[in-house]
2 protein chains.
Amino acid sequence: MNSRRTSPPQAGKSPAAGTSPWRARRRDRELKREAVIHAAARAFNRKGYHNTSLDDIATALEVTKPTVYYYVTNKEHLLFQCFLAGIAPIRAAFREVKDQQAPARERLAAVLRHYGEAVASEFGWCMVRAEDQDLSPAMSRHIKALKSEIDQGIRRLLREGVQDGSIEPCDPKMTAFALAGALNWIAHWYREDRSLTPGEIAAAFVTIFEGGLRPRSASQAATRAPLRRRVRIAR
Amino acid sequence: MNSRRTSPPQAGKSPAAGTSPWRARRRDRELKREAVIHAAARAFNRKGYHNTSLDDIATALEVTKPTVYYYVTNKEHLLFQCFLAGIAPIRAAFREVKDQQAPARERLAAVLRHYGEAVASEFGWCMVRAEDQDLSPAMSRHIKALKSEIDQGIRRLLREGVQDGSIEPCDPKMTAFALAGALNWIAHWYREDRSLTPGEIAAAFVTIFEGGLRPRSASQAATRAPLRRRVRIAR
DNA sequence: TAGAATATCTACTCATGAGTATGATCGAGG
DNA sequence: CCTCGATCATACTCATGAGTAGATATTCTA
(Lines give C-alpha, C1' and ligand atoms only; values in the text may rest on other atoms or scores of the structure.)
Protein backbone atom coordinates (compact mmCIF):
# COMPACT_ATOMS: atom_id res chain seq x y z
CA MET A 1 0.00 0.00 0.00
CA ASN A 2 2.48 2.58 1.04
CA SER A 3 4.81 1.61 -1.68
CA ARG A 4 6.28 5.02 -1.98
CA ARG A 5 7.11 5.60 1.63
CA THR A 6 10.76 6.27 2.11
CA SER A 7 11.13 4.89 5.59
CA PRO A 8 10.89 1.13 5.94
CA PRO A 9 7.20 1.00 6.50
CA GLN A 10 5.90 -1.82 8.56
CA ALA A 11 8.94 -3.57 9.89
CA GLY A 12 8.06 -4.48 13.42
CA LYS A 13 4.43 -3.57 13.21
CA SER A 14 1.68 -6.02 12.40
CA PRO A 15 3.56 -8.82 14.11
CA ALA A 16 1.46 -11.74 13.07
CA ALA A 17 1.93 -10.85 9.45
CA GLY A 18 5.26 -12.55 9.18
CA THR A 19 6.73 -10.95 6.13
CA SER A 20 5.69 -7.55 4.93
CA PRO A 21 2.69 -8.15 2.76
CA TRP A 22 2.68 -4.89 0.90
CA ARG A 23 5.87 -5.45 -0.88
CA ALA A 24 5.21 -8.87 -2.23
CA ARG A 25 1.59 -8.23 -3.06
CA ARG A 26 1.97 -4.76 -4.36
CA ARG A 27 -0.16 -5.30 -7.33
CA ASP A 28 -2.57 -7.78 -5.99
CA ARG A 29 -5.67 -5.94 -5.19
CA GLU A 30 -7.55 -8.92 -3.85
CA LEU A 31 -4.88 -9.76 -1.37
CA LYS A 32 -4.84 -6.22 -0.11
CA ARG A 33 -8.55 -6.25 0.20
CA GLU A 34 -8.32 -9.34 2.30
CA ALA A 35 -5.68 -7.72 4.42
CA VAL A 36 -8.01 -4.83 5.05
CA ILE A 37 -10.78 -7.20 6.09
CA HIS A 38 -8.46 -9.13 8.32
CA ALA A 39 -7.20 -5.99 10.00
CA ALA A 40 -10.77 -4.88 10.52
CA ALA A 41 -11.65 -8.22 12.09
CA ARG A 42 -8.76 -7.93 14.49
CA ALA A 43 -9.75 -4.43 15.46
CA PHE A 44 -13.44 -5.27 15.84
CA ASN A 45 -12.46 -8.27 17.88
CA ARG A 46 -10.37 -6.23 20.24
CA LYS A 47 -12.37 -3.03 20.61
CA GLY A 48 -15.79 -3.74 19.23
CA TYR A 49 -17.42 -2.46 16.09
CA HIS A 50 -18.53 0.91 17.40
CA ASN A 51 -15.30 1.64 19.17
CA THR A 52 -13.28 1.03 16.06
CA SER A 53 -12.96 3.85 13.57
CA LEU A 54 -11.83 3.36 10.04
CA ASP A 55 -8.90 5.53 10.95
CA ASP A 56 -7.92 2.90 13.48
CA ILE A 57 -8.02 0.22 10.85
CA ALA A 58 -6.09 2.37 8.44
CA THR A 59 -3.47 3.12 11.06
CA ALA A 60 -3.09 -0.55 11.86
CA LEU A 61 -2.31 -1.08 8.19
CA GLU A 62 -0.04 1.97 8.14
CA VAL A 63 -2.25 3.58 5.60
CA THR A 64 -4.80 6.37 5.57
CA LYS A 65 -8.53 6.17 5.60
CA PRO A 66 -9.20 6.86 1.92
CA THR A 67 -7.00 3.94 1.08
CA VAL A 68 -9.22 1.69 3.13
CA TYR A 69 -12.20 3.11 1.26
CA TYR A 70 -10.45 2.25 -1.92
CA TYR A 71 -10.87 -1.42 -1.05
CA VAL A 72 -14.20 -1.52 0.75
CA THR A 73 -17.28 0.55 0.15
CA ASN A 74 -18.07 1.40 3.76
CA LYS A 75 -17.85 0.27 7.33
CA GLU A 76 -20.95 -1.84 7.16
CA HIS A 77 -19.72 -3.80 4.18
CA LEU A 78 -16.47 -4.27 5.99
CA LEU A 79 -18.30 -5.87 8.89
CA PHE A 80 -20.25 -7.99 6.47
CA GLN A 81 -17.10 -9.26 4.82
CA CYS A 82 -15.72 -10.19 8.22
CA PHE A 83 -18.95 -11.99 8.93
CA LEU A 84 -18.68 -13.97 5.73
CA ALA A 85 -15.12 -14.92 6.51
CA GLY A 86 -16.26 -16.05 9.94
CA ILE A 87 -19.03 -18.36 8.85
CA ALA A 88 -17.19 -19.84 5.90
CA PRO A 89 -15.58 -22.69 7.88
CA ILE A 90 -18.91 -23.52 9.46
CA ARG A 91 -20.66 -23.82 6.15
CA ALA A 92 -17.75 -25.89 4.94
CA ALA A 93 -18.20 -28.20 7.90
CA PHE A 94 -21.82 -28.76 7.01
CA ARG A 95 -20.90 -29.60 3.45
CA GLU A 96 -18.15 -31.92 4.56
CA VAL A 97 -20.48 -33.85 6.78
CA LYS A 98 -23.38 -33.88 4.40
CA ASP A 99 -22.89 -37.27 2.89
CA GLN A 100 -21.12 -39.09 5.62
CA GLN A 101 -22.60 -42.24 6.96
CA ALA A 102 -21.84 -41.78 10.64
CA PRO A 103 -24.68 -41.42 13.12
CA ALA A 104 -26.08 -37.93 13.23
CA ARG A 105 -24.70 -37.25 16.69
CA GLU A 106 -21.19 -37.74 15.41
CA ARG A 107 -21.80 -35.59 12.38
CA LEU A 108 -23.25 -32.94 14.62
CA ALA A 109 -20.25 -33.15 16.90
CA ALA A 110 -17.95 -32.62 13.93
CA VAL A 111 -19.89 -29.55 12.88
CA LEU A 112 -19.90 -28.17 16.39
CA ARG A 113 -16.17 -28.59 16.66
CA HIS A 114 -15.65 -26.56 13.55
CA TYR A 115 -18.21 -24.10 14.79
CA GLY A 116 -16.33 -23.62 18.03
CA GLU A 117 -13.05 -23.17 16.28
CA ALA A 118 -14.58 -20.60 13.98
CA VAL A 119 -15.97 -18.62 16.87
CA ALA A 120 -12.60 -18.66 18.58
CA SER A 121 -10.90 -17.43 15.45
CA GLU A 122 -10.13 -13.83 14.73
CA PHE A 123 -13.29 -13.54 12.71
CA GLY A 124 -15.36 -15.13 15.43
CA TRP A 125 -16.37 -11.92 17.05
CA CYS A 126 -17.58 -10.44 13.78
CA MET A 127 -19.51 -13.58 12.98
CA VAL A 128 -21.18 -13.73 16.33
CA ARG A 129 -21.75 -10.08 16.90
CA ALA A 130 -22.84 -8.80 13.55
CA GLU A 131 -26.02 -7.30 14.91
CA ASP A 132 -29.08 -6.37 12.97
CA GLN A 133 -29.10 -3.23 15.06
CA ASP A 134 -25.93 -1.98 13.48
CA LEU A 135 -26.86 -2.83 9.93
CA SER A 136 -29.03 -1.50 7.19
CA PRO A 137 -32.24 -3.42 6.67
CA ALA A 138 -30.98 -5.09 3.52
CA MET A 139 -27.74 -6.24 5.08
CA SER A 140 -29.59 -7.28 8.19
CA ARG A 141 -31.84 -9.55 6.19
CA HIS A 142 -28.86 -11.02 4.43
CA ILE A 143 -27.02 -11.83 7.63
CA LYS A 144 -30.11 -13.13 9.31
CA ALA A 145 -30.67 -15.52 6.44
CA LEU A 146 -27.15 -16.87 6.67
CA LYS A 147 -27.39 -17.30 10.41
CA SER A 148 -30.71 -19.02 10.03
CA GLU A 149 -29.23 -21.41 7.53
CA ILE A 150 -26.71 -22.55 10.12
CA ASP A 151 -29.36 -22.78 12.78
CA GLN A 152 -31.54 -24.92 10.56
CA GLY A 153 -28.57 -27.13 9.77
CA ILE A 154 -28.05 -27.85 13.44
CA ARG A 155 -31.72 -28.52 13.97
CA ARG A 156 -31.76 -30.93 11.08
CA LEU A 157 -28.85 -32.89 12.47
CA LEU A 158 -30.59 -33.00 15.83
CA ARG A 159 -33.75 -34.36 14.26
CA GLU A 160 -31.80 -36.92 12.32
CA GLY A 161 -30.06 -37.93 15.49
CA VAL A 162 -33.32 -38.47 17.28
CA GLN A 163 -34.45 -40.49 14.30
CA ASP A 164 -31.44 -42.74 14.13
CA GLY A 165 -31.34 -43.08 17.88
CA SER A 166 -27.99 -41.44 18.39
CA ILE A 167 -29.52 -38.45 20.16
CA GLU A 168 -31.91 -38.37 23.06
CA PRO A 169 -35.32 -37.05 22.01
CA CYS A 170 -35.37 -33.30 22.47
CA ASP A 171 -36.80 -30.05 21.21
CA PRO A 172 -34.54 -29.32 18.23
CA LYS A 173 -35.14 -25.60 18.35
CA MET A 174 -34.25 -25.05 21.98
CA THR A 175 -31.40 -27.49 21.81
CA ALA A 176 -29.93 -25.78 18.78
CA PHE A 177 -30.19 -22.45 20.56
CA ALA A 178 -28.43 -23.86 23.59
CA LEU A 179 -25.61 -25.41 21.60
CA ALA A 180 -25.03 -22.42 19.35
CA GLY A 181 -25.31 -20.04 22.27
CA ALA A 182 -22.69 -21.79 24.32
CA LEU A 183 -20.34 -21.83 21.35
CA ASN A 184 -21.06 -18.27 20.29
CA TRP A 185 -20.22 -17.09 23.74
CA ILE A 186 -16.68 -18.32 23.32
CA ALA A 187 -16.05 -15.17 21.34
CA HIS A 188 -16.68 -13.15 24.50
CA TRP A 189 -14.17 -14.78 26.77
CA TYR A 190 -11.58 -16.25 24.42
CA ARG A 191 -9.71 -13.00 24.46
CA GLU A 192 -8.38 -12.80 27.96
CA ASP A 193 -8.16 -16.48 28.68
CA ARG A 194 -6.21 -18.35 26.05
CA SER A 195 -5.14 -21.24 28.18
CA LEU A 196 -6.74 -23.70 25.79
CA THR A 197 -6.57 -23.86 22.02
CA PRO A 198 -9.77 -23.38 20.05
CA GLY A 199 -9.71 -27.05 19.18
CA GLU A 200 -9.48 -28.09 22.80
CA ILE A 201 -12.31 -25.80 23.78
CA ALA A 202 -14.54 -27.05 21.02
CA ALA A 203 -13.81 -30.64 21.98
CA ALA A 204 -14.49 -29.96 25.65
CA PHE A 205 -17.81 -28.33 24.82
CA VAL A 206 -18.91 -31.21 22.64
CA THR A 207 -18.12 -33.59 25.45
CA ILE A 208 -20.22 -31.53 27.84
CA PHE A 209 -23.12 -31.33 25.42
CA GLU A 210 -23.10 -35.02 24.72
CA GLY A 211 -22.68 -36.25 28.24
CA GLY A 212 -24.83 -33.90 30.25
CA LEU A 213 -24.44 -33.04 33.89
CA ARG A 214 -26.35 -35.93 35.38
CA PRO A 215 -24.03 -38.87 35.99
CA ARG A 216 -24.37 -41.80 33.69
CA SER A 217 -22.58 -44.46 35.59
CA ALA A 218 -25.28 -45.76 37.87
CA SER A 219 -22.86 -45.47 40.71
CA GLN A 220 -25.05 -43.60 43.09
CA ALA A 221 -28.33 -42.15 43.89
CA ALA A 222 -28.06 -38.45 44.39
CA THR A 223 -29.20 -37.97 40.88
CA ARG A 224 -32.91 -38.20 40.85
CA ALA A 225 -34.44 -38.42 44.27
CA PRO A 226 -35.76 -34.96 45.01
CA LEU A 227 -35.44 -34.66 48.72
CA ARG A 228 -32.21 -36.42 49.23
CA ARG A 229 -29.56 -35.03 51.47
CA ARG A 230 -25.94 -34.82 50.55
CA VAL A 231 -24.26 -38.11 49.72
CA ARG A 232 -20.66 -39.05 49.88
CA ILE A 233 -18.99 -40.07 46.72
CA ALA A 234 -18.92 -43.76 46.28
CA ARG A 235 -15.59 -44.05 44.69
CA MET B 1 -41.39 13.63 35.79
CA ASN B 2 -43.31 16.07 33.72
CA SER B 3 -45.24 17.25 36.70
CA ARG B 4 -46.16 20.52 35.21
CA ARG B 5 -47.37 19.27 31.93
CA THR B 6 -51.05 19.89 31.47
CA SER B 7 -51.81 16.44 30.14
CA PRO B 8 -52.10 13.74 32.81
CA PRO B 9 -48.46 12.91 33.29
CA GLN B 10 -47.57 9.43 34.29
CA ALA B 11 -50.82 7.67 34.72
CA GLY B 12 -49.91 4.23 33.54
CA LYS B 13 -46.23 4.93 33.77
CA SER B 14 -44.26 3.81 36.81
CA PRO B 15 -47.06 1.56 37.89
CA ALA B 16 -45.51 0.21 41.03
CA ALA B 17 -45.77 3.57 42.68
CA GLY B 18 -48.88 2.75 44.60
CA THR B 19 -49.52 5.79 46.72
CA SER B 20 -49.08 9.36 45.55
CA PRO B 21 -45.41 9.65 44.78
CA TRP B 22 -45.37 13.41 45.17
CA ARG B 23 -45.53 13.33 48.89
CA ALA B 24 -42.17 12.05 49.84
CA ARG B 25 -39.59 13.81 47.70
CA ARG B 26 -36.91 11.35 48.47
CA ARG B 27 -38.91 8.37 47.49
CA ASP B 28 -40.23 10.09 44.47
CA ARG B 29 -36.84 10.90 43.17
CA GLU B 30 -35.77 7.32 43.55
CA LEU B 31 -38.79 6.11 41.63
CA LYS B 32 -38.08 8.47 38.79
CA ARG B 33 -34.51 7.38 38.73
CA GLU B 34 -35.63 3.81 38.41
CA ALA B 35 -37.98 4.78 35.62
CA VAL B 36 -35.04 6.30 33.75
CA ILE B 37 -32.99 3.15 34.21
CA HIS B 38 -35.84 0.97 33.08
CA ALA B 39 -36.44 3.06 30.00
CA ALA B 40 -32.76 2.90 29.20
CA ALA B 41 -32.77 -0.87 29.56
CA ARG B 42 -35.67 -1.15 27.17
CA ALA B 43 -33.96 1.06 24.63
CA PHE B 44 -30.59 -0.68 24.92
CA ASN B 45 -32.38 -3.98 24.60
CA ARG B 46 -34.09 -2.95 21.44
CA LYS B 47 -31.45 -0.93 19.63
CA GLY B 48 -28.19 -1.63 21.37
CA TYR B 49 -26.10 0.62 23.55
CA HIS B 50 -24.34 2.53 20.81
CA ASN B 51 -27.42 3.01 18.72
CA THR B 52 -29.32 4.51 21.59
CA SER B 53 -28.83 8.18 22.33
CA LEU B 54 -29.80 9.79 25.56
CA ASP B 55 -32.22 11.83 23.54
CA ASP B 56 -33.95 8.60 22.61
CA ILE B 57 -34.28 7.63 26.23
CA ALA B 58 -35.51 11.07 27.14
CA THR B 59 -38.07 11.00 24.36
CA ALA B 60 -39.32 7.63 25.51
CA LEU B 61 -39.95 9.17 28.91
CA GLU B 62 -41.51 12.27 27.39
CA VAL B 63 -38.77 14.37 28.84
CA THR B 64 -35.66 16.12 27.60
CA LYS B 65 -32.06 15.10 27.86
CA PRO B 66 -31.02 17.38 30.74
CA THR B 67 -33.76 15.81 32.80
CA VAL B 68 -32.22 12.43 32.27
CA TYR B 69 -28.88 13.87 33.31
CA TYR B 70 -30.56 15.15 36.42
CA TYR B 71 -31.05 11.55 37.51
CA VAL B 72 -27.97 9.79 36.20
CA THR B 73 -24.47 11.11 35.83
CA ASN B 74 -23.77 9.85 32.34
CA LYS B 75 -24.48 7.17 29.81
CA GLU B 76 -21.93 4.79 31.18
CA HIS B 77 -23.40 4.91 34.67
CA LEU B 78 -26.78 4.34 33.14
CA LEU B 79 -25.56 1.15 31.53
CA PHE B 80 -23.99 0.15 34.79
CA GLN B 81 -27.24 0.62 36.67
CA CYS B 82 -29.01 -1.52 34.10
CA PHE B 83 -26.33 -4.12 34.56
CA LEU B 84 -26.83 -4.13 38.31
CA ALA B 85 -30.56 -4.48 37.89
CA GLY B 86 -29.93 -7.39 35.55
CA ILE B 87 -27.70 -9.42 37.80
CA ALA B 88 -29.66 -8.77 40.98
CA PRO B 89 -31.98 -11.76 40.60
CA ILE B 90 -29.05 -14.01 39.83
CA ARG B 91 -27.20 -13.02 42.95
CA ALA B 92 -30.42 -13.47 44.86
CA ALA B 93 -30.71 -16.98 43.47
CA PHE B 94 -27.26 -17.84 44.74
CA ARG B 95 -28.12 -16.56 48.17
CA GLU B 96 -31.41 -18.40 48.23
CA VAL B 97 -29.72 -21.67 47.41
CA LYS B 98 -26.78 -21.16 49.64
CA ASP B 99 -27.93 -23.12 52.63
CA GLN B 100 -30.25 -25.59 51.05
CA GLN B 101 -29.62 -29.26 51.55
CA ALA B 102 -30.50 -30.50 48.09
CA PRO B 103 -27.79 -32.10 45.93
CA ALA B 104 -25.64 -29.55 44.19
CA ARG B 105 -27.04 -30.38 40.79
CA GLU B 106 -30.47 -29.38 41.91
CA ARG B 107 -29.20 -26.20 43.50
CA LEU B 108 -27.32 -25.42 40.33
CA ALA B 109 -30.44 -26.07 38.29
CA ALA B 110 -32.35 -23.63 40.45
CA VAL B 111 -29.70 -20.98 39.95
CA LEU B 112 -29.61 -21.57 36.22
CA ARG B 113 -33.35 -21.21 35.98
CA HIS B 114 -33.19 -17.83 37.63
CA TYR B 115 -30.21 -16.99 35.47
CA GLY B 116 -32.12 -17.78 32.32
CA GLU B 117 -35.11 -15.77 33.41
CA ALA B 118 -32.88 -12.83 34.23
CA VAL B 119 -31.27 -12.94 30.82
CA ALA B 120 -34.66 -13.06 29.15
CA SER B 121 -35.85 -10.08 31.15
CA GLU B 122 -35.72 -6.52 29.93
CA PHE B 123 -32.44 -6.01 31.73
CA GLY B 124 -30.97 -9.16 30.28
CA TRP B 125 -29.34 -7.50 27.34
CA CYS B 126 -27.64 -4.93 29.51
CA MET B 127 -26.42 -7.60 31.86
CA VAL B 128 -25.04 -9.78 29.16
CA ARG B 129 -23.70 -7.14 26.89
CA ALA B 130 -22.11 -4.65 29.20
CA GLU B 131 -18.77 -4.80 27.50
CA ASP B 132 -15.45 -3.76 28.90
CA GLN B 133 -14.86 -2.19 25.51
CA ASP B 134 -17.55 0.39 26.07
CA LEU B 135 -16.63 1.24 29.63
CA SER B 136 -14.04 3.22 31.46
CA PRO B 137 -11.31 1.12 33.05
CA ALA B 138 -12.74 1.57 36.53
CA MET B 139 -16.23 0.57 35.56
CA SER B 140 -14.87 -2.24 33.49
CA ARG B 141 -13.08 -3.68 36.49
CA HIS B 142 -16.19 -3.36 38.56
CA ILE B 143 -18.38 -5.19 36.09
CA LYS B 144 -15.79 -7.81 35.46
CA ALA B 145 -15.59 -8.52 39.18
CA LEU B 146 -19.34 -8.95 39.43
CA LYS B 147 -19.44 -11.24 36.43
CA SER B 148 -16.59 -13.23 37.81
CA GLU B 149 -18.43 -13.66 41.07
CA ILE B 150 -21.30 -15.30 39.25
CA ASP B 151 -18.94 -17.45 37.23
CA GLN B 152 -17.18 -18.62 40.35
CA GLY B 153 -20.51 -19.39 41.96
CA ILE B 154 -21.43 -21.69 39.10
CA ARG B 155 -18.05 -23.37 39.19
CA ARG B 156 -18.37 -23.94 42.91
CA LEU B 157 -21.74 -25.61 42.50
CA LEU B 158 -20.28 -27.77 39.77
CA ARG B 159 -17.43 -28.85 42.00
CA GLU B 160 -19.79 -29.57 44.82
CA GLY B 161 -21.93 -31.60 42.49
CA VAL B 162 -18.99 -33.68 41.40
CA GLN B 163 -18.15 -34.15 45.05
CA ASP B 164 -21.59 -35.25 46.15
CA GLY B 165 -22.00 -37.39 43.08
CA SER B 166 -24.92 -35.49 41.61
CA ILE B 167 -22.87 -34.23 38.67
CA GLU B 168 -20.71 -36.17 36.27
CA PRO B 169 -17.03 -35.31 36.74
CA CYS B 170 -16.14 -32.43 34.48
CA ASP B 171 -13.92 -29.41 34.03
CA PRO B 172 -15.77 -26.80 36.10
CA LYS B 173 -14.34 -23.88 34.18
CA MET B 174 -15.30 -25.04 30.71
CA THR B 175 -18.62 -26.34 31.90
CA ALA B 176 -19.46 -23.06 33.58
CA PHE B 177 -18.57 -21.22 30.39
CA ALA B 178 -20.79 -23.51 28.37
CA LEU B 179 -23.76 -23.15 30.70
CA ALA B 180 -23.48 -19.41 31.12
CA GLY B 181 -22.86 -18.93 27.41
CA ALA B 182 -25.94 -20.83 26.36
CA LEU B 183 -28.04 -18.84 28.80
CA ASN B 184 -26.46 -15.51 27.99
CA TRP B 185 -27.22 -16.05 24.37
CA ILE B 186 -30.91 -16.06 25.11
CA ALA B 187 -30.67 -12.29 25.22
CA HIS B 188 -29.80 -12.33 21.52
CA TRP B 189 -32.77 -14.24 20.23
CA TYR B 190 -35.47 -13.71 22.82
CA ARG B 191 -36.57 -10.60 21.07
CA GLU B 192 -38.04 -11.86 17.84
CA ASP B 193 -39.13 -15.26 19.04
CA ARG B 194 -41.27 -15.05 22.15
CA SER B 195 -43.12 -18.30 21.68
CA LEU B 196 -41.95 -19.53 25.07
CA THR B 197 -41.92 -17.75 28.39
CA PRO B 198 -38.57 -17.08 30.06
CA GLY B 199 -39.40 -19.70 32.66
CA GLU B 200 -40.11 -22.31 30.01
CA ILE B 201 -36.90 -21.54 28.19
CA ALA B 202 -34.83 -21.73 31.34
CA ALA B 203 -36.43 -25.04 32.25
CA ALA B 204 -35.84 -26.45 28.78
CA PHE B 205 -32.20 -25.44 28.89
CA VAL B 206 -31.65 -27.02 32.27
CA THR B 207 -33.16 -30.22 30.97
CA ILE B 208 -30.81 -30.19 28.01
CA PHE B 209 -27.77 -29.48 30.16
CA GLU B 210 -28.60 -32.19 32.64
CA GLY B 211 -29.50 -34.87 30.17
CA GLY B 212 -27.01 -34.40 27.40
CA LEU B 213 -27.42 -35.39 23.79
CA ARG B 214 -26.34 -39.01 24.10
CA PRO B 215 -29.33 -41.20 24.85
CA ARG B 216 -29.67 -42.63 28.31
CA SER B 217 -32.36 -45.19 27.79
CA ALA B 218 -30.58 -48.25 26.42
CA SER B 219 -32.97 -48.37 23.54
CA GLN B 220 -30.59 -48.73 20.66
CA ALA B 221 -27.13 -48.99 19.35
CA ALA B 222 -26.05 -46.11 17.20
CA THR B 223 -24.65 -44.25 20.13
CA ARG B 224 -21.47 -45.34 21.73
CA ALA B 225 -21.04 -48.99 21.17
CA PRO B 226 -17.30 -49.12 21.71
CA LEU B 227 -16.48 -48.35 25.28
CA ARG B 228 -19.67 -48.43 27.10
CA ARG B 229 -22.66 -50.51 27.35
CA ARG B 230 -25.87 -48.91 28.24
CA VAL B 231 -26.83 -49.07 31.87
CA ARG B 232 -30.18 -48.71 33.39
CA ILE B 233 -30.44 -45.98 35.88
CA ALA B 234 -30.74 -47.41 39.33
CA ARG B 235 -33.26 -45.04 40.61
C1' DT C 1 8.66 8.80 -22.88
C1' DA C 2 3.91 10.52 -22.94
C1' DG C 3 -0.29 9.38 -21.41
C1' DA C 4 -3.48 6.08 -18.84
C1' DA C 5 -4.60 3.45 -15.08
C1' DT C 6 -3.93 2.42 -10.51
C1' DA C 7 -3.03 3.49 -5.83
C1' DT C 8 -2.54 6.59 -2.10
C1' DC C 9 -2.53 10.95 0.51
C1' DT C 10 -4.01 15.70 2.26
C1' DA C 11 -7.58 18.19 3.68
C1' DC C 12 -11.75 18.74 3.91
C1' DT C 13 -17.58 18.28 4.89
C1' DC C 14 -21.17 17.03 7.62
C1' DA C 15 -24.08 14.64 10.90
C1' DT C 16 -24.55 12.88 15.26
C1' DG C 17 -24.54 12.62 19.93
C1' DA C 18 -22.56 13.34 24.69
C1' DG C 19 -22.58 16.60 27.96
C1' DT C 20 -23.51 21.62 29.83
C1' DA C 21 -24.74 26.64 30.84
C1' DT C 22 -28.46 29.06 31.90
C1' DG C 23 -32.96 30.28 32.60
C1' DA C 24 -37.96 29.11 33.51
C1' DT C 25 -41.42 26.85 36.54
C1' DC C 26 -43.40 24.71 40.53
C1' DG C 27 -44.31 23.41 45.35
C1' DA C 28 -43.46 24.44 50.09
C1' DG C 29 -42.13 27.21 54.14
C1' DG C 30 -42.06 31.70 56.26
C1' DC D 1 -47.36 36.77 48.98
C1' DC D 2 -42.46 35.98 48.38
C1' DT D 3 -38.46 33.53 48.38
C1' DC D 4 -35.83 29.18 48.02
C1' DG D 5 -34.63 24.90 46.49
C1' DA D 6 -35.89 21.22 43.52
C1' DT D 7 -37.08 20.04 38.85
C1' DC D 8 -37.09 20.50 33.99
C1' DA D 9 -36.51 22.82 29.25
C1' DT D 10 -34.10 25.70 25.67
C1' DA D 11 -30.27 26.21 23.34
C1' DC D 12 -26.05 25.71 23.13
C1' DT D 13 -20.53 23.51 22.84
C1' DC D 14 -17.46 20.32 21.35
C1' DA D 15 -15.37 16.03 19.90
C1' DT D 16 -15.59 12.27 17.05
C1' DG D 17 -15.96 9.72 13.16
C1' DA D 18 -18.01 8.39 8.54
C1' DG D 19 -17.41 9.46 4.10
C1' DT D 20 -15.54 12.49 -0.01
C1' DA D 21 -13.07 15.79 -3.30
C1' DG D 22 -9.25 16.57 -5.44
C1' DA D 23 -4.32 16.37 -5.82
C1' DT D 24 -0.27 13.39 -6.27
C1' DA D 25 2.66 9.62 -6.97
C1' DT D 26 3.65 5.13 -9.19
C1' DT D 27 3.41 1.69 -12.59
C1' DC D 28 1.98 0.00 -16.99
C1' DT D 29 1.40 0.38 -21.83
C1' DA D 30 1.96 1.91 -26.33
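Chain A is the first sequence line, chain B the second, and so forth, proteins listed ahead of strands; every chain is numbered from 1.
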At what angle, to 10 degrees, do the two end axes of the helix from C:dT1-D:dA30 to C:dG30-D:dC1 meet, given five pairs define each axis?
10°
Using ring centroids (six-membered ring only for Trp), state whether A:Phe94 and A:His114 fall under 6.0 Å.
no
Quickly work out the B:Leu61 CG to D:dA9 P distance and round it to whole Å.
10 Å
Measure the distance from CZ on A:Arg33 to P on C:dT6 and round it to the nearest whole Å.
16 Å
Separation of C:dG17 atom P from B:Leu79 atom CG, nearest Å, is 17 Å
Looking at C:dC9, I'd like to know if its phosphate oxygens (OP1 or OP2) sit under 4.0 Å from a side-chain N or O belonging to A:Thr67.
yes
Considering every strand and a 4.0 Å limit on heavy-atom distances, what is the contact class for B:Thr52: base, sugar-phosphate, or nothing?
sugar-phosphate
Taking only side-chain N and O atoms of A:Tyr70, does any of them lie within less than 4.0 angstrom of OP1 or OP2 on C:dT8?
no
Just compare D:dA9, D:dG19, C:dG19 and give me whichever is closest to any side-chain atom of B:Leu54.
C:dG19
Take atom CD1 of B:Ile57 and atom C1' of C:dG17, then tell me their distance rounded to the nearest Å.
12 Å
Tell me whether the side-chain N/O atoms of B:Arg29 come closer than 4.0 Å to OP1 or OP2 in D:dT7.
yes
Length of the line joining B:Tyr69:OH and D:dT7:C1', which is rounded to integer Å
18 Å
In whole angstroms, the gap separating P of D:dT16 from CG of A:Asp56 amounts to 12 Å
Above 12 or not: heavy atoms from other molecules or residues under 6.0 Å from NE2 of B:His142?
no
With B:Arg129 via salt bridge (charged side-chain N to carboxylate O under 4.0 Å, His left out) - residues at least two apart
A:Glu131, B:Glu131
Going by the rule salt bridge (charged side-chain N to carboxylate O under 4.0 Å, His left out), which residues pair with A:Glu149 if we only count those two or more places apart in sequence or in a different chain?
A:Arg91
Under the salt bridge (Lys or Arg N to Asp or Glu O under 4.0 Å) test against A:Glu160, which residue among A:Arg155, A:Lys98, A:Arg107 passes?
A:Arg107
Of A:Asn51 and A:Pro66, the one whose closest DNA chain D nucleotide lies more 5':
A:Asn51
Rounded off to whole Å, could you give me the NZ-to-P distance for the A:Lys47 and D:dT16 pair?
12 Å
Using a cut-off of less than 4.0 Å, is there contact between a side-chain N or O of B:Lys65 and OP1 or OP2 of D:dT10?
no
As a test of reading the structure: which of C:dT10, D:dG19, C:dA18 is closest to the side chain of B:Lys75, going by heavy atoms?
C:dA18
For B:Asn51, enumerate each residue passing the side chain to side chain donor-acceptor pair (under 3.5 Å) test, keeping only those at least two apart in sequence or located in another chain.
A:Asp134
Sequence neighbours left out, what passes salt bridge (charged side-chain N to carboxylate O under 4.0 Å, His left out) with B:Arg159? Give chain and number order.
none
Figure out the CD/P separation between B:Glu76 and C:dG17, and round it to whole Å.
19 Å
Phosphate OP1/OP2 of D:dT7 contacted by B:Tyr71 side-chain N/O (<4.0 Å)
no
Which nucleotide in the set C:dA7, D:dA9, D:dT7 lies at the smallest distance from any side-chain heavy atom of B:Val63?
D:dA9
The criterion is salt bridge (charged side-chain N to carboxylate O under 4.0 Å, His left out); which residues satisfy it with B:Lys65, sequence neighbours excluded?
B:Asp55
